Amino acid sequence: MDPYQRQRPFGSAGEGGSSGGSDMPRERDDNKKKKKLLHRDIERQRRQEMSTLFASLRTHLPLQYIKGKRAVSDHVNGAVNFIKDTETRIKELSARRDDLSRETCQTSPDPARTGSELVKSYPASVMVQPCVSGFEVAVSSSSSGPEALPLSRVLEALQEQGLEVISSLTTRVNERLMHTIQVEVNSFGCLDLAWLQQKLVEELIR
């Protein structure tokens, strides 16, 4: 028998077998392409979300923390510095508030002085400090007489500045009125709390 004839059936069967087996690499390639496309879509979506979040972060940062800085890493560092500075300012203002509260609560009556004279010895005060939802305004004044600052007058002064009050609380301590008002703000970048405190002092304490 011719050796070529013996190999011919084997060769034809091999061709038929190889055609069926060639589909498996093709399926693997298709799966790889699908995974690559899926990974690409996920990565594109992640980049879009990160870009949106960084843009939102920039809108909440005061200009002095990001001025002249365009890199994302610089904006993140600016946010870290802003948070640290805000925490430091909160601690300082909280200490000042505690000092004012202690001064208000500490009364050393003099038998030669009447109660109204003791009340007048404590001038009215205004303090503005940041809080979680915005900032807090603490106003202390005498509870009667021309130096008394009613809550309605404080709220009116805040509304004149275009601010939105979300809560208010008034307490009476040792013939003193203590107003605590929380104001909501969308961004600290366009609001100077020191300027606002000085403005309220000028409006309320004449």
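Sequential numbering from 1 along the given sequence is applied to the chain's residues. Since the model is a prediction, treat every value here as computed from it, not as a measurement.
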Just by distance, do the side chain of Ser51 and the backbone of Arg47 share a donor-acceptor pair under 3.5 Å? no

Measure across Gln129 and Ser94 and return the closest heavy-atom pair with its distance rounded to 0.1 Å. OE1-N, 3.5 Å

State the OG1-CD1 distance between Thr86 and Ile83, to the nearest 0.5 angstrom. 7.5 Å

Check for a donor-acceptor pair, side chain of Thr52 on one end and backbone N or O of Gln48 on the other, with a separation under 3.5 Å. yes

Once rounded to the nearest 0.5 Å, what's the spacing between atom CZ of Phe82 and atom CG of Asn77? 15.0 Å

Does a side-chain N-to-carboxylate-O contact under 4.0 Å join Arg46 and Glu43? yes

Are the charged groups of Arg96 and Asp99 less than 4.0 angstrom apart, N to O? no

Gap between atom OH of Tyr65 and atom NE2 of His75 - 0.5 Å precision: 14.5 Å

Checking Leu177, Val126, Leu200, Ile181 against Val154 for side-chain contact (heavy atoms from CB on, under 4.5 Å), the one that qualifies is Ile181

Mind listing the closest non-hydrogen atom pair of Gln161 and Trp195 along with its distance? OE1-CH2, 3.5 Å

Rounded distance (nearest 0.5 Å) linking atom OG of Ser168 with atom CG of Leu151: 4.5 Å

Atom of Gln197, atom of Met127 and distance for their closest heavy-atom approach: OE1-CA, 3.5 Å

Are the side chain of Gln182 and the backbone of Ile166 linked by a donor-acceptor contact shorter than 3.5 Å? no

Nearest 0.5 Å, please: how far is CD in Glu92 from OG1 in Thr88? 6.5 Å

For Leu158 and Val183: C-alpha separation, side-chain torsions, deciding distance, then whether side-chain contact (heavy atoms from CB on, under 4.5 Å) applies. CA-CA 9 Å; Leu158 292 172; Val183 180; 4.1 Å; yes

Can you see which heavy atom on Phe135 is nearest to which on Val137, and at what distance? CE1-CG2, 3.6 Å

